[in-house]
Novice: 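A single structure is presented below for examination.
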Amino acid sequence: MIKLSIVMFALWQIFFVCASSMLPSMESSGELAETYRPESGSCIASYFMCNDSMLCVAQHLNCDQNPDCNDGSDEWNCNDSSVNLYYDHFFRKNHKALTDDIPWGICDYNLLEYPDLNSTCKCKLKEVHCQFKGLTTIPSTLPSYGISLLELSGNRFPILDGVFLENLPPAEKLILKHCSIHELKSLAFHRFKDEFVDILYLDQNQIEILPNFLFPEGTKLSVLILSGNRIFEIQNFAFANLEHLIELDLRDNRLAVLTEAVLAPLINLQILFLNGNRFTALTSGMLPGLKNLITLSLADNQIRRVSKNALNLPNLEHLFFSGNHLTQIDNDTFYLLSNLIGLNLENNEIQEFQLNAFNGIENVTSLYLTGNPFKTIDQKVLQNLTHLQHIYFSWFHLCRAAMYVRVCEPRGDGISSDKHLLDNPVLRGSVWVMAAVGIVGNLLVLFGPLALGTRGLACHIEHSIYLRHLAASDLLMGIYLTIIATADIAFRGEYLIHDEDWRHSGTCSLCGFLSTLSCQSSTLLLTLVTWDRLVSVTRPLLPRPPSRARAIVRLGLLWLTAIILAAAPLSGLDYFGRNFYGSNGVCLSLHIHIPYDKGWEWSVVLFIAVNTVSLVFIGTSYMKMLRAIRSSGSAMRSSLSGRENIVARRFAIIVATDCACWLPVIIVKIAALTGVQISESLYAWLAVLVLPVNSALNPVLYTLTTAAFKQQLTKFVYSLPCGASVDSRSQNGFESALSISLGHNYPQQNSKKHLLQRRVSCTTPLAICPNNHCIKNQSIQPINSVEKSLI
């Protein structure tokens, strides 16, 4: 055993050196500190100076809710105002919320003057609420003055014209929401002169066309809400006389085009919402004369192209372009937006930025680029954004292009961070443990018999070959984990600098190939071993002469299948994209966070289809074997019950470890495909602990804990000069246990005759039963032998 340990240790050291030499060469300056005091008076890239001291703080420590500066200045100004503005408008406060704590009936009106007011409506201070009263006309009982809010939602007013609104009193806010309005007539709001109504809500109706001249001259309407209708046409002069309008909300309609004249009258407009419509392009002239526009939302349209000069909005501060179909940002797309502060381009289809894409918007402080397919970005693209404070990507490694930005999100992907390939300290230790267990255990299975000075029996050559190939397959996983662990050490403290080179390197591709090959070949080999055992247990007298050639053919086909599955993504086909294995730092093709990335169907076949079929087959096969053992031993239940419990326990452990490895991967992969958000940390543990669990435990379950291996090890120890000799009965018992430990079973007579005849021939199970002496016990004895093999 000492000799074996020395050999194993030497092999481990040699492999570690080889794995290290395979990593991309680099000049490492060592791990950088989280904070440091500069000698030159300024911080290096990706570090930022504290406000009250000469202390530089790493980028990822800013705005992490843990102060690192003495005055806590690294946690100052962490509020992204552009983001807050975006969500404040999408989830704006209910217009009635200001008086929620005021009870009904406390009104500022003389109820003696309006005795019928509470019969149809109810009031609160200066608010009058008549919602969902089944009204078809404007009530005549309303106060004629001083109304701050008139709520008429939920009634039925299908057509609005000048006659219908004759009874309408002046109000600061008029709400006609959910009123089944499907038509507006010209001059419907002819009474809206001066300050008759300041804010008008017409949202959530069925309006399709906005006709010309809805409002008269002198209208001082400041807010017009038309969201949630079916508007597909706005006539050229629909917004005439609305020069005082500040906010226009046309969200969630069916607009596909705006002529140049439509928005021209809105010379003082500051907020315009056009999101949720059907625009396919933004062309010059669609937004004319809006020199005072501050916020523009074109989110959730179908825009594929933005023409040059289309955004001639010199005072615009916030632009929301999320949820469109932009594939490329061309040079000078935004160059006329000199006052732009926040730019939201998330959830588009952007694959490329031209070098001057952000030219002219040097004042931008917040840039959203999440949800786009691009995986690289040139640092020169962002170099003009000198005031950028917050930038958001889909992948943390893109922060390499924005190391001068104080807050760059995300800070990691659950596996890696800007500092470390394996960010979690527990994960770093676990990968070495799993690698060591996988390599040492499988090397023991492969070379243990040679080191112990013993050889397997020819009768069981097929099963023995299967188990050795299973060990070789699992050894590949140990090699993969060792390369990843070595890379983690090599990149420690400055991983972000090397991330892109690492993920696109041949070593990362090799890691992806090794992990996939190990997973698939191990799955197929476990299925083959299970099938071999199933046949041996359920059909013990089936003539199956051992054949090395047959085993080699089966294994050749199995390995060829696994190699094709693992090597296909390296073929260069466009279907797999340019970097199938390099989507993350550990080079796995699991694709949880981007479930529908290029080649996703292949990933589904690898991790769902193959694993599910194998898991179901293995589980049902061991249940059949257990039933067969119990059925065969029913006549001798008292003597076999303990042995059956041991066999059942081993079966349960085998199936449980397979489930522990495959079920989480299958479930998480399916959940990701159905749109469930998967925790980033869960992905990391799947990669380092769950996937390799079978590779680490297979040697223990199938070889190292079997009676055969234990007795073989005992025999080796006793054969040493300081050990005791083993008597012939122990050796015979060992040989018998070895034969059945591999899952093959042969009817037995007494030990001497059985061993003698086995040495002569193993080709037919009945060869050791002359005169059919044991055929009458064939339903019991063979199964009992298999029972022993699994103890």
Side-chain angles (χ1 to χ4, degrees), residues 92-100 102-181 184-185 187-205 207 210 214-229 239 241-249 268 271:
R92 71 178 70 184
K93 187 176 292 186
N94 192 295
H95 44 75
K96 299 176 291 185
L98 296 177
T99 58
D100 276 348
I102 306 297
W104 295 106
I106 300 179
C107 305
D108 289 350
Y109 306 108
N110 186 348
L111 296 181
L112 294 177
E113 186 178 352
Y114 304 102
D116 298 326
L117 177 61
N118 284 327
S119 62
T120 54
C121 306
K122 51 186 178 180
C123 60
K124 181 189 297 187
L125 299 182
K126 291 184 178 182
E127 296 181 0
V128 178
H129 295 262
C130 309
Q131 66 265 39
F132 298 100
K133 296 295 184 179
L135 301 175
T136 57
T137 61
I138 303 297
S140 59
T141 58
L142 299 175
S144 59
Y145 65 92
I147 299 177
S148 64
L149 184 149
L150 177 56
E151 169 70 271
L152 292 169
S153 296
N155 294 290
R156 185 169 179 79
F157 309 139
I159 300 176
L160 294 189
D161 55 22
V163 176
F164 178 83
L165 296 175
E166 281 294 335
N167 291 331
L168 187 71
E172 292 179 19
K173 295 180 183 179
L174 174 59
I175 303 174
L176 295 167
K177 185 177 182 178
H178 291 295
C179 288
S180 302
I181 302 170
L184 297 177
K185 297 288 188 178
L187 295 177
F189 304 104
H190 73 94
R191 300 188 63 201
F192 280 35
K193 292 183 179 180
D194 298 325
E195 297 179 359
F196 190 85
V197 171
D198 184 50
I199 300 174
L200 175 60
Y201 287 83
L202 289 169
D203 49 325
Q204 308 303 322
N205 285 288
I207 303 168
L210 297 183
L214 277 168
F215 301 90
E217 291 185 15
T219 300
K220 294 186 178 179
L221 191 69
S222 64
V223 177
L224 177 58
I225 309 298
L226 288 161
S227 60
N229 282 278
F239 298 136
N241 303 315
L242 291 180
E243 58 269 12
H244 295 282
L245 196 68
I246 293 174
E247 178 177 347
L248 175 61
D249 191 343
N268 289 302
I271 301 172

Novice: Evaluate the side chain to side chain contact (heavy atoms under 4.5 Å, CB included) criterion for residues L152 and F157: first the C-alpha distance (whole Å), next the side-chain angles of each, then the deciding distance (0.1 Å), finally the verdict.
Specialist: CA-CA 10 Å; L152 292 169; F157 309 139; 4.2 Å; yes

Novice: Taking R191 for the side chain and E166 for the main chain, is one N or O donor matched with an acceptor at less than 3.5 Å?
Specialist: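 Yes; at least one donor-acceptor contact below 3.5 Å.
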
Novice: Quick one: closest heavy-atom pair of F164 and D161, and the distance?
Specialist: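 Taking every non-hydrogen atom into account, N-OD1, 2.8 Å.
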
Novice: I need the minimum non-hydrogen distance between P216 and K193, along with the two atoms involved.
Specialist: CG-CG, 3.9 Å

Novice: Which of these, I225, V223, L226, I271, sits in a side-chain contact (heavy atoms from CB on, under 4.5 Å) with D249?
Specialist: I225

Novice: Could you tell me whether a side-chain N or O of N205 sits under 3.5 Å from a main-chain N or O of L176, the two making a donor and an acceptor?
Specialist: yes

Novice: So which heavy atom on G154 is nearest to which on C179, and how close?
Specialist: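 Smallest heavy-atom distance, with atoms named: N-SG, 4.0 Å.
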
Novice: In terms of heavy-atom contacts, does NZ of K185 have more than 12 from other residues, nucleotides or ligands at under 6.0 Å?
Specialist: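 No - once you tally the heavy atoms of other residues, nucleotides and ligands closer than 6.0 Å, there are 12 at most.
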
Novice: Where the side chain of E151 meets the backbone of S153, is there a donor-acceptor pair that is under 3.5 Å apart?
Specialist: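 Present.
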
Novice: In Å and rounded to the nearest 0.5 Å, what is the CD to CD1 distance from E172 to I147?
Specialist: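 E172 CD to I147 CD1: 10.5 Å, rounded to 0.5 Å.
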
Novice: Would you give the length of the straight line joining atom CZ of F239 to atom CG of L210, rounded to the nearest 0.5 angstrom?
Specialist: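 Going from CZ on F239 over to CG on L210, the span is 5.0 Å.
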
Novice: Which value, rounded to the nearest 0.5 Å, describes the distance between N241 atom CG and E217 atom CD?
Specialist: 5.0 Å

Novice: Is there a donor-acceptor pair under 3.5 Å between the side chain of N155 and the backbone N or O of C130?
Specialist: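 Yes; judged by distance alone, with no hydrogens or angles, the pair exists.
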
Novice: Is there a donor-acceptor contact under 3.5 Å from the side chain of N229 to the main chain of L202?
Specialist: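 At least one qualifying donor-acceptor pair exists.
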
Novice: Quick one: sort the F192 and F215 rings into parallel, tilted or perpendicular, breaks at 30° and 60°.
Specialist: tilted

Novice: How far apart are the closest heavy atoms of E127 and S148, and which atoms are they?
Specialist: CG-OG, 3.6 Å

Novice: Under the 3.5 angstrom rule, does the side chain of T219 hit a backbone N or O of L242 as a donor-acceptor pair?
Specialist: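 The answer is no, because no donor-acceptor pair under 3.5 Å joins these two groups.
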
Novice: Between N268 (side chain only) and H244 (backbone N and O only), is there a donor and an acceptor less than 3.5 Å apart?
Specialist: no

Novice: To the nearest 0.5 Å, tell me how far I207 CD1 sits from L160 CG.
Specialist: 7.0 Å

Novice: Indicate whether the side chain of N167 and that of S140 have a donor and an acceptor atom separated by less than 3.5 Å.
Specialist: no

Novice: Looking only at heavy atoms, what is the nearest atom pair of P143 and P169, with distance?
Specialist: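 So the two residues come closest at O-CB, 3.2 Å.
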
Novice: For the atom pair NZ (K220) and CD (E195), what is the distance rounded to the nearest 0.5 Å?
Specialist: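 If I round to the nearest 0.5 Å, the distance is 5.5 Å.
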
Novice: So which atom in L165 and which in A188 form the shortest heavy-atom distance, rounded to 0.1 Å?
Specialist: CD1-O, 3.2 Å

Novice: Enter the distance from H190:NE2 to F196:CZ here, rounded to the nearest 0.5 Å.
Specialist: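 Interatomic distance, H190 NE2 to F196 CZ, rounded to 0.5 Å: 9.0 Å.
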
Novice: What verdict does the side chain to side chain contact (heavy atoms under 4.5 Å, CB included) test give for F189 and V197, after you've listed the backbone C-alpha separation in whole Å, the side-chain angles of each residue and the deciding distance to 0.1 Å?
Specialist: CA-CA 10 Å; F189 304 104; V197 171; over 6 Å; no

